[in-house]
Amino acid sequence: MRLLLLLVFFYSFINAGTIKRELYLDILLSQNNQEFKSYRSFDLENDLFKTATVKLNINKKILEDRTYYVKTTCDVNKLIYSNIAYEVNFDTIIFKLDKNTPSSINLEFEYEEPKNLNFRLFTLNEFEYKNIVKYEGVLFGIAYGIIFCAFLYNFVIFLYTLQRSFFYYSLMQISLLFVLFYITMLSNQTFISDIQQIIIDFFETLCMLLTILFSKEILNTRKSMKQMNKLLNFLVYIHVVDLIAIFIFKESILYGFMPRSVIVFILVFSGVIALINGQKTAIFYFLGWMVLFISLFISEYELIGIDMLYIVHIGFPLESLILSFALGYKLKQTVDEKKEKEKILVHQSKLASMGEMINNIAHQWRQPLSHLSFINMDLQMAQEDNDLKEKYLLDKLNESNNQIDFMSATIDNFKNFYQPRKEKEFFYVSAAIQSAIDIIKPSLDFSNININFRIEEDKKIKAYENEYSQVILNFLTNAKDVLLSRKIENPKIEVKLELENNRTVLSVNDNAGGIKNEIIDKIFEPYFTTKDKSSGIGLYMSKTIVESHLKGNINVKNNSNGACFVVEV
C-alpha cells in the first residue's frame, strides 16, 4: 500500500510539469486592444508599445480539480486593467487560477511614451506558492552564500597546497555562482539579447569544462582510469571548441543539441568506476555529481511541477557542500601522505646521519687507538726485556686510561649531539656552530681541509640547538665531499656568523667552484643529489628544519670561489 501511494505521488509530480505547459491554450498580444496576435509573433526586443493588452486563454479542464498561481513580471504601475484579482509583490503580480477563473484573462498596460513591453509568466503550483515563492529571496541568498563559501574555501586551500583539483573546483564554483545569478536576472526579462545569450552560454560551458577538469584531477584518471581519461580529454576538447563557437554563432552549439545532464551522467559513471577501483574519495564525488545530475535532468525535462530556477538553486548548493567534503577528505589524505613521507625522510635522514656519525667517530678514534697500540707495544717490549717496573706500568696504565676516557667522552659528545630535544632552549648560535665543527674537525684534518670560523657578532636565541648544529654539520659535510671529489688544491671552508636586523646570519663558503646554474634551484628538493652514494635528503631536511622548526630562512648562491649557504634565524 505504501509503495502504491509513493508511485501515485511520484506520478503526480512527473505529470505536473506537463500540466503546467498545457495550462495555456494560447497567449495573445495586442497593441490596440482589438487585433490580437500570438505573443511569439512579436519582436519584443525591438517592438515598442504605447498600449499593450495580454490575453491568456486558459485550459479550464485542467482547473476542475487543481489550483495554480501565476507570477507575472511586468510594469506593475502601468497596469490599468485586469479582469482577475491579483496581489502585488515588488515588481510582480500574482493571481490565482482555479475552476472559478475566467476562461480568458486580460491584462492591459499603458505607457506615457512608446517602450518595450516588460512581461514574463511563471506558473506555480500550490506547493511552490505556499512554501517557496514567498521565501525565494532567502533561498537564493542561501544558495549564493553556500557556493561563494565553497569557492573561497577551496581557493584558499589551493593557495596553500597548489593542487589543481582545488583550483579547478574553486573556479567552477565562482562560474556557477555567476551563472545562477545571471539566469535569475534574465528570468525576469521579456527577452534575452544576443550579448546576454553569449555571456550565459559562455559561462555555462566554462563551468562544465572546469567540472570535467576537476573530475580528471580528483579521480586521477590519467593514472588510474586511462580509458575514462581519454573520454574526459575528448570532452575537454569539444568544450574548448564550443567556447570559441559561442562567439561566432552567438550561442552554444554543443548544448544546443545535447542536454548538460548527459555530461554530468558521464561524470557520475566515472565516479562509479573510481569506487569500484577502491578510491575512497569517490563516494563523495559520486554523491555530489548524482545530486547535480538529478537536478539538471529534472529541470531539463520538466519532470516535476517545481520551476527549474528553484531546482537548480537547491541542487547546486547541495552539490557544492558534498564535493567540498570530498575535497576536504582529499586534503586530509594529502596531509596524511605528506606526514608519512616526512616520517620516511626523517628515518632516512637518521640513517644517513648515523653513517656520518660513525665515520666521524672513526676519525676521532683513529689517534687514540694508535696511541693505545703504541702503549701495548711498549709494555710488550718492556716485558720481553724484563724491564717492566711498577712505576712504568702504572704510568702506561694511566696513559691508557686517559685515551679510553677521551674515546668515551667522544661517544657522549656524539650521543648528545644527535639526541633530539623536545623543548626549545636558549643557546648562543656560535656554540651550536662550534659543536658541529668539533664533530667534523678530525675528518677535515685527515683530508687536509682547512676550516676557519669567524664570529663578527653573536646572539643568544631560543630554539633547538641540536637541530641547528645538524644543519651546519650537513653544510660542512657537503662542502668536504665536493672538495674531495673535485680534488681542489688548498681546500678550505669559511664559516662566518654576523647579525643583520637583529637576526643571526650564518654563511658557509667553500672554494670548490660552486654549483651548476641548471641545478642550483633544485638542491633543496627531496631525493635530488649529484653524488653516487647519497639519499639526496640532507639539504631537504636542513631546509625543513630551518623553515619549519627554527622559523628562519635558508638559501644558496655561488660566489667567486665556490658555493655559499646562508641561514638566517
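Residue numbers count from 1 along this sequence.
- Between I146 and F316 the shortest side-chain heavy-atom distance does not fall below 4.5 Å.
- For the pair I554 and V566, the minimum side-chain heavy-atom distance is 4.5 Å or more.
- Here the straight-line distance linking atom CG of L209 with atom CG of L254 works out to 11.0 Å at 0.5 Å rounding.
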Exercise for the section: Tell me, with the steps shown, if S170 and Y153 meet side-chain hydrogen bond (donor to acceptor under 3.5 Å, both in side chains). Expected result: CA-CA 8 Å; S170 61; Y153 167 74; over 6 Å; no
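- A donor atom on one side chain and an acceptor atom on the other are not found under 3.5 Å apart for S435 and Y468.
- Side chains of K216 and N233: a donor on one and an acceptor on the other come within 3.5 Å.
- A donor atom on one side chain and an acceptor atom on the other are not found under 3.5 Å apart for N561 and D510.
- Side chain to side chain, Q163 and E217 fail the donor-acceptor criterion of an N or O pair below 3.5 Å.
- In this structure the side chain of S469 never reaches within 4.5 angstrom of the side chain of I433, judged on heavy atoms.
- No side-chain donor-acceptor contact under 3.5 Å links E300 to the backbone of F297.
- In this structure, a donor-acceptor pair under 3.5 Å is absent between the side chains of S224 and N277.
- Side-chain contact check for V133 versus F122: every heavy-atom pair is 4.5 Å or farther apart.
- Taking the six-membered ring for Trp and thresholds of 30 and 60 degrees, Y69 and Y129 have nearly parallel ring planes, at less than 30 degrees apart.
- If you take CZ on F167 and CE on M172, they are separated by 13.5 Å, rounding to the nearest 0.5 Å.
- For S320 and Q173, the side-chain atoms include at least one donor-acceptor pair closer than 3.5 Å.
- Distance check: L206 CG to F178 CZ gives 10.5 Å after rounding to the nearest 0.5 Å.
- When ring centroids are compared, F158 and F166 stay outside the 6.0 Å threshold.
- Between F265 and F269, the angle of the ring planes stays under 30°, which puts this pair in the parallel group of the 30/60° scheme.
- E45 places no side-chain N or O within 3.5 Å of a backbone atom of I192 that could act as its donor or acceptor partner.
- Of the possible polar contacts, none joining the N501 side chain to the R503 backbone as a donor-acceptor pair under 3.5 Å is found.
- How far CG of L296 is from CH2 of W289: 10.0 Å, rounded to the nearest 0.5 Å.
- Side-chain contact of E136 with Y310: a donor-acceptor pair under 3.5 Å is present, judged by distance alone.
- A 6.0 Å sphere centred on CD1 of I195 holds no more than 12 heavy atoms belonging to other residues, nucleotides or ligands.
- Scored by the ring-ring contact (aromatic ring centres under 6.0 Å, His included) test, F151 finds F148, F155 as partners (sequence neighbours excluded).
- Residues M228 and I273 form a side-chain contact, since some pair of their non-hydrogen atoms from C-beta on lies under 4.5 Å apart.
- Considering all non-hydrogen atoms of both residues, F214 and L323 come closest at CE2-CD1, 4.1 Å.
- Rounding to the nearest 0.5 Å places CG of L213 at 10.0 Å from CG of L171.
- Looking at Q189, its side chain never comes within 3.5 Å of a backbone N or O of L186 through a donor-acceptor pair.
- Under a 4.0 Å N-O distance rule, the pair E204/R260 qualifies as a salt bridge.
- Side-chain contact between E456 and L499: absent, with no pair of heavy atoms (C-beta onward) separated by less than 4.5 Å.
- Side-chain contact between T72 and R120 is absent, with no heavy-atom pair separated by less than 4.5 Å.
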Exercise for the section: Could you walk me through whether T221 and N229 pass the side-chain hydrogen bond (donor to acceptor under 3.5 Å, both in side chains) test, one step at a time? Expected result: CA-CA 5 Å; T221 57; N229 187 63; 2.7 Å; yes
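- Taking the six-membered ring for Trp, F202 and F247 have ring centres closer than 6.0 Å.
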Handout entry: Derivation of the side-chain contact (heavy atoms from CB on, under 4.5 Å) call for I174 and L177
Key = CA-CA 5 Å; I174 200 65; L177 180 61; 4.1 Å; yes
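- Side-chain contact between P259 and V262 is present, with at least one heavy-atom pair separated by less than 4.5 Å.
- When atom types are taken as modelled, the side chain of N154 and the backbone of Y169 share no donor-acceptor pair closer than 3.5 angstrom.
- At distances below 3.5 Å, at least one donor-acceptor pair connects side-chain atoms of Y285 with backbone N or O atoms of L267.
- One N or O on the side chain of T504 and one on the backbone of V569 form a donor-acceptor pair closer than 3.5 Å.
- Taking OG from S215 and CG from L232, the interatomic distance works out to 6.5 Å, rounded to the nearest 0.5 Å.
- No cation-pi contact links K460 to F427, judged by a cut-off of 6.0 Å to the six-membered ring centre and 45° from its axis.
- Between the side chain of N89 and the backbone N or O of T92 there is no donor-acceptor pair closer than 3.5 Å.
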Problem - Evaluation steps, side-chain contact (heavy atoms from CB on, under 4.5 Å), between F565 and I515 - result: CA-CA 11 Å; F565 286 87; I515 305 169; 4.3 Å; yes
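- In summary, the aromatic rings of H239 and Y255 are positioned with their centroids under 6.0 Å apart.
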